[in-house]
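All remarks here apply to the structure that follows.
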Amino acid sequence: MEENREKDSNPFNEYPVKILQFGEGNFLRAFADYYIQLANESKAYKGSIAVCQPRNNTAVINALKRQNCKYNIIIRGKNDGRIIDEVKEINCISRAIDTVGEYDSLVELLKSDALEMIISNTTEAGICFHENDIIGDSPNVSFPAKVTALLFERHKAGKGGLVFLPVELIENNGDTLRECIIKYINLWNLDKNFIDYVKSNCSFCNTLVDRIVTGRIDYENDKCAVACEPYASFIIQADDKAERLLPFKNLNVNISFVDDLRVYRSRKVRILNGAHTMSVLAAYHMGFDIVRDMIQDDLMNAYIKKGLFEEVMPTIDLPDKELISFADSVLERFDNPFIDHKILDISLNSVSKFKARCLCTLLDYWEQTGALPGIICFGLAALINFYNGRYDNGKFIGNRNGESYEINDSKNVLDFFEKAYRENNVVKDVLSNKDFWDIDLTEIDGLYDTVKKDYDNIKLYGMRSAVEKVVYNE
């Protein structure tokens, strides 16, 4: 690739730039750009992308420029039982623009009649409002401030509204972006007609995205090559205008247009993320270090399936067939032979993760059935066991069969566990901690006794035997 950079042209260069992409990172290049590539190849779409960076780092922007904005995605994993190991060339990007050094080019692009859409991924903290941002500071600090200033130039030029397709991993990402833009309009005392323009002429889609992108990979001379799993899901809550303009609807890929994302968010959080959280802390104390080895163990496989199919899925208001298909795909993704997904990495901030991913299942299951979900309860006992640690040179250290490991969470969480273990009533202290759960979990009939029994079994018999007891109702 390297020796042909000067003469090798991008086959989509003749297509007008219809999309401005804020974000040059691995995820967008392996996710959104992948979908645009498929749309162009299918002839369902004839548009290219201009990419700019939301921050000052120009490393990827400059690398894309040197490669005529072409790069490769290395797709590796399992899909419907088949091993996938393939390379996909991406050439739907026609321009890479330095947001700082080439800001005038961004302004001109925003005035283009061809431009239809802005895609963004600026991390979970990217869609935020900074009251100290000034419209004359170009580019501005926050991504919404940058977009507001640029969109105002488009409005003044008399151009039509745009579709915004943020993929940041926050709830209601499109609505939140719109709210931030309106705050900046008010902060900067801009033309009040501009607020009407944003509300009436622009569309803000809420999205839910899912694909594991493992990051940059060495591939030939491609400095922008990125690796990812075969699975990808794009769920979009869009108005009629956005749905007409988005180029994905007729593609035979995993994209859904929905009226309400909430149930799909519950599906992802409770099944995919929840399966991790209810299992990995137990698995770690069974001696497993990566997710693939955990899922290949017959006992842990049975544990996760019982939790998903008997406890989690009944609390989600979607057809059984759809839930089963999604859960099966999650189990397959856990068994990716190309990704060494470290359990200790997943264990970061497990208390808040349990609250967000598993507690909702526990409470709904209890409310719907009057019973407690055994696997979810055991996951809570395994969490308490995992957090048995002490400070050592500024780090909070746990112990697994004589081997030390670092427990990573906020200081107030770690301080709590150190004190609770010293006072020797840790299960009750954890369950009654409203700072963790917003409620006192000991008030749920039978929950303390269930978790205490599981915790005692872990201490008395070891993790594997304790897991066997909860899986096989011993």
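Note that these values count all heavy atoms, side chains included, but never hydrogens, waters or copies made by symmetry.
- A search for salt bridge (charged side-chain N to carboxylate O under 4.0 Å, His left out) contacts involving Asp259 returns nothing, not counting sequence neighbours.
- At a threshold of 4.0 Å, the pair Asp289-Lys342 does not count as salt-bridged, since none of the basic side-chain nitrogens sits closer than that to a carboxylate oxygen.
- Under a 4.0 Å N-O distance rule, the pair Arg422/Glu418 qualifies as a salt bridge.
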Could you give the side-chain donor-acceptor pairs of residues 384-397 under 3.5 Å, partners two or more places apart or in another chain?
from: Asn385; atom 1: OD1; to: Lys459; atom 2: NZ; distance (Å): 2.9
from: Tyr387; atom 1: OH; to: Ser350; atom 2: N; distance (Å): 3.1
from: Tyr387; atom 1: OH; to: Asp409; atom 2: OD2; distance (Å): 2.6
from: Tyr391; atom 1: OH; to: Asp415; atom 2: OD1; distance (Å): 2.6

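- Salt-bridge check for Asp33 with Lys88: failed, with every basic side-chain N at 4.0 Å or more from each acidic carboxylate O.
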**Message:** For Asn349 and Ser410: C-alpha separation, side-chain torsions, deciding distance, then whether side-chain hydrogen bond (donor to acceptor under 3.5 Å, both in side chains) applies.
**Reply:** CA-CA 7 Å; Asn349 298 328; Ser410 62; 5.8 Å; no
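- The heavy-atom pair separating Ala420 from Val426 by the smallest distance is CB-CG2, 3.9 Å.
- Counting only N and O atoms by type, the side chains of His285 and Tyr405 include a donor and acceptor under 3.5 Å apart.
- With sequence neighbours excluded, no residue satisfies salt bridge (charged side-chain N to carboxylate O under 4.0 Å, His left out) with Asp133.
- Under a 4.0 Å N-O distance rule, the pair Lys355/Asp438 qualifies as a salt bridge.
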**Prompt:** Under the ring-ring contact (aromatic ring centres under 6.0 Å, His included) criterion, do Phe436 and Phe416 qualify, and how do the steps go?
**Reply:** CA-CA 10 Å; Phe436 284 0; Phe416 171 85; 4.9 Å; yes
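- Val451 and Val427 get closest at one heavy-atom pair: CG1-CG1, 4.0 Å.
- In this structure, Arg400 satisfies the cation-pi test against Tyr284, with its NZ or CZ atom closer than 6.0 Å to the six-membered ring centre and inside 45 degrees of the ring normal.
- Salt bridge status for Asp260 with Arg262: present, with a side-chain N to carboxylate O gap under 4.0 Å.
- In this structure, His276 has its ring center closer than 6.0 angstrom to the ring center of Phe334.
- The local environment of NZ in Lys428 is sparse, with at most 12 non-hydrogen atoms from other residues, nucleotides or ligands closer than 6.0 Å.
- Note on Lys453 versus Asp456: no salt bridge recorded, every NZ/NE/NH1/NH2 to OD/OE distance being 4.0 Å or above.
- By the neighbour-count criterion of 12 heavy atoms within 6.0 Å, atom CD of Glu131 is sparsely surrounded, having that number or fewer from other residues, nucleotides or ligands.
- Applying the salt bridge (Lys or Arg N to Asp or Glu O under 4.0 Å) rule to pairs touching residues 358-369 yields Arg270-Asp364, sequence neighbours excluded.
- In summary, Asp239 and Arg244 do not engage in a salt bridge, as defined by a charged side-chain N under 4.0 Å from a carboxylate O.
- Under the rule for a side-chain hydrogen bond (donor to acceptor under 3.5 Å, both in side chains), the partners of Asp218 that lie at least two apart in sequence or sit in another chain are Arg216.
- Note that the CD1 atom of Ile295 and the OH atom of Tyr303 stand 11.5 Å from one another [nearest 0.5 Å].
- Scored by the side-chain hydrogen bond (donor to acceptor under 3.5 Å, both in side chains) test, Thr442 finds Asp440 as partners (sequence neighbours excluded).
- With respect to Glu229, the salt bridge (charged side-chain N to carboxylate O under 4.0 Å, His left out) criterion is satisfied by exactly one of Arg211, Arg76, Arg333: Arg333.
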